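Worksheet for the structure shown next.
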Amino acid sequence: MGQDTHTLTGAYALNALSPTESVRFEDHLADCDSCVQEVRGFAETSARLAAATVQAPPAELRARVLEEVARTRQLAPAPERLPEPRARRTWPWLLGLALAACVATIIALGAVVLDQGRQVDELHANEQRIAAVISAPDAVSTSAEPMEGVSVTVVSSETLGDLVFSAHGLEDLHEEDYQLWLTRDDGSVYSAGVLSVDEAGFVLPVLAEPDEGTEGVAVTVEPEGGSDQPTSDPVMAMPVTG
Amino acid sequence: MDRAAAVPHDAAHDADPPGLEELLGLVARGDEQAFGRVYDLISPTVYGLVRRILRDPAQSEEVTQEVLVEVWRSACRYDARRGSPQAWVMTLAHRRAVDRVRSEQASSDREARAAAADTQRPYDEVAEEATDRLERERVRRCLDTLTELQEQSVRLAFYGGYSYREVAGLLSAPLGTIKTRMRDGLIRLRDCLGVDW
């Protein structure tokens with residue numbers, strides 16, 4: 001399998017893998033320095049291929065881009081360097097999600113149906129409810145890359161009423177925890193627990209029971225052990241379907 | 001890192017204009033003027049690639065706008081230790097264009113795009129810089145050193161936005177062969193182009 005997976009560097013660098021295969025290959029990358037090196041070399045090579053297609057865009061595009069940039073908030077440098085948690089507050093970002101900084105991320109979210117059988121293998125076998133959600137006939141899976149190097153997958157089953165959140169690529173935190181929240185359409189949120197992240201950045205899959213009106217998930221950085229209500233802006237947020 | 005020096009920039013500006021990497025550093029701190037210069041440096045390559053993949057001018061403009069706004073938003077996430085700024089931007093651009101293609105699976109002239117990926121696009125009326133022309137010739141020369149199957153696999157995936165499964169179908173070749181050809185094709189291109197990452 002190792003040898004075979006390694007040959008995917010080319011297809012991966014060319015964005016020629018399916019979303020599921022990409023996620024799986026990124027898992028492999030976490031443990032394969034030579035693959036990382038090769039993928040970087042291919043990205044540089046691809047940039048050269050791209051440079052051979054130079055074509056000036058229509059002149060009016062410049063003003064449109066600069067205008068959008070002027071009203072687009074920039075990302076914070078990285079999750080671990082987020083400002084200290086501030087006082088508890090409501091969730092204005094949720095209401096204004098469409099205008100918030102992560103709007104481009106939300107637009108970029110591509111809903112994909114993952115290969116559910118294989119997903120089961122990747123998750124902990126003893127987590128039977130998690131396995132049940134993932135293998136449910138009506139399981140709906142949404143994946144996203146909310147930031148460079150971070151992949152998030154949410155699988156939900158309407159008949160079981162459960163949802164599974166998993167992610168990898170998260171930075172290690174010191175004296176702080178990532179906390180998962182479910183977000184409702186009225187702007188309220190409730191905790192789905194603190195994420196357990198291993199050294200390689202893998203998040204142990206979390207099972208949650210979304211209630212009526214739940215429309216998304218979000219992750220914030222909270223003081224160790226988690227908070228009753230979020231105390232910082234989310235480092236990622238995505239809608240859930242089904 | 002001296003990679004910034006490799007950025008083709010407008011020589012008509014000042015004697016020693018800042019390179020893309022330096023400009024991204026300014027953009028990361030919210031410098032809109034620096035972003036304007038980043039736009040001028042990278043938009044022709046972004047638009048060229050996106051247009052090559054999507055073909056449709058209106059969609060290409062939309063995606064180009066998305067990519068450039070993404071560069072603004074996430075400039076602080078660019079890490080020079082992980083690659084050149086050009087590779088970072090073009091990775092964003094290629095991914096966005098491919099996402100757009102795949103989100104429209106239902107529609108479409110897949111065959112038309114296959115044909116398009118296969119032929120050299122005539123260069124548009126835009127004044128062609130000498131550096132661009134040299135680069136295109138170098139890339140074409142290097143593509144010529146690949147085997148037929150390597151070249152088709154890389155072209156269809158990169159310029160056509162096809163998945164390797166689709167490429168395998170189009171070329172009537174086994175999946176495993178296509179995966180391997182993409183990799184060894186890229187290795188040969190990388191070495192031919194003198195990429196030193």
Side-chain angles (χ1 to χ4, degrees), chain A residues 4 6-19 21 36-58 60-62 64-66 68-70 72-78 81 101-105 107-108 110-112 145 147-149, chain B residues 28 30 32 35-36 39 43-45 47-49 51-52 61 64-66 68-70 72-77 82-84 86-87 90-91 93-96 98-99 102-103 121 124 126 132 135-136 139-140 154 157-159 162-164 167 179-180 182-186 189-190 193 195 197:
Chain A
D4 184 51
H6 192 93
T7 63
L8 287 177
T9 46
Y12 175 77
L14 293 167
N15 287 313
L17 296 179
S18 73
E21 291 166 325
V36 169
Q37 195 55 37
E38 191 163 282
V39 166
R40 283 179 191 169
F42 289 169
E44 300 297 329
T45 307
S46 298
R48 301 283 296 276
L49 293 179
T53 64
V54 187
Q55 184 176 354
E60 64 274 16
L61 184 63
R62 191 178 198 274
R64 283 212 305 275
V65 170
L66 295 187
E68 187 177 346
V69 154
T72 300
R73 218 185 103 194
Q74 292 178 292
L75 288 177
R81 273 173 277 159
C102 30
V103 64
T105 303
I107 290 167
V112 286
E145 189 183 319
M147 62 192 82
E148 187 109 46
Chain B
E32 290 182 35
F35 179 79
Y39 180 94
S43 64
T45 321
Y47 181 72
L49 177 65
R51 175 95 192 257
R52 177 80 173 255
E61 272 185 60
T64 301
Q65 180 162 352
E66 283 173 24
L68 283 148
V69 171
E70 184 61 24
W72 161 259
R73 273 183 76 244
S74 56
C76 61
R77 300 279 163 87
R82 291 161 64 179
S84 70
Q86 287 80 7
M90 296 322 296
T91 300
H94 194 265
R95 197 172 292 162
R96 280 291 171 105
V98 166
D99 284 350
R102 306 231 166 116
S103 71
R121 243 187 101 70
D124 282 34
V126 201
D132 296 339
E135 182 68 1
R136 274 189 326 124
V139 166
R140 193 177 307 156
V154 170
F158 190 73
Y159 294 126
Y162 287 92
S163 71
Y164 80 92
V167 172
K179 280 189 234 173
T180 314
M182 285 178 174
R183 176 165 179 254
D184 51 36
L186 281 174
L189 274 178
R190 179 192 70 196
L193 289 165
V195 170
W197 281 83

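Just so you know, these numbers come straight off a predicted model, no measurement behind them. Naming convention: chains lettered A, B, ... in sequence-line order (proteins, then strands); numbering from 1 in each chain.
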Without swapping roles, check the side chain of Arg62(A) against the backbone of Gly36(B) for a donor-acceptor pair under 3.5 Å. yes

Are the side chains of Arg183(B) and His6(A) in touch, meaning some heavy atoms are under 4.5 Å apart? yes

For Gly10(A), does its backbone N or O pair with a side-chain atom of Tyr164(B) as donor and acceptor, under 3.5 Å? no

Determine the option with the most heavy-atom pairs under 4.5 angstrom with chain A, choosing from Leu193(B), Val139(B), Asp184(B). Leu193(B)

Looking only at heavy atoms, which two atoms of Ala87(B) and Ala47(A) are closest? And how far apart? CA-CB, 3.7 Å

Minimum heavy-atom separation for Ala50(A) and Phe158(B), please, with both atom names. N-CE2, 3.7 Å

List the atom of His94(B), the atom of Leu14(A), and the distance in Å for their closest heavy-atom pair. CE1-O, 3.2 Å

Any donor and acceptor pair, going by atom type alone, linking the side chain of Gln74(A) with main-chain N or O of Trp72(B) inside 3.5 Å? yes

How close do Arg73(B) and Arg73(A) get, heavy atom to heavy atom, and via which atoms? CG-O, 3.7 Å

Determine the minimum heavy-atom distance between Arg77(B) and Ala76(A), stating which atoms define it. NH2-O, 2.6 Å

May I ask you to name which of Ala28(B), Ala75(B), Ala93(B), Pro44(B) has the most heavy-atom pairs under 4.5 Å with chain A? Pro44(B)

If you count heavy-atom pairs under 4.5 Å with chain B, which of Ala16(A), Pro58(A), Ser46(A), Ser18(A) comes out on top? Ala16(A)

Top of Thr45(B), Leu49(B), Leu68(B), Leu186(B) for chain A proximity - count of heavy-atom pairs under 4.5 angstrom: Leu186(B)

Quick one: CG on Leu17(A) to CE on Met182(B), what's the gap to the nearest 0.5 Å? 8.5 Å

With sequence neighbours left out, write down each residue that passes side-chain hydrogen bond (donor to acceptor under 3.5 Å, both in side chains) with Glu68(A), or none if nothing qualifies. Gln65(B)

Closest heavy-atom pair, Leu49(A) versus Tyr159(B), reported as atoms and distance to 0.1 Å, is O-OH, 2.8 Å

Who are the ring pair (Phe, Tyr, Trp, His ring centres under 6.0 Å) partners of Tyr12(A), not counting sequence neighbours? Phe25(A)

Between Glu44(A) and Arg190(B) (salt bridge meaning N to carboxylate O under 4.0 Å), is one present in this structure? no

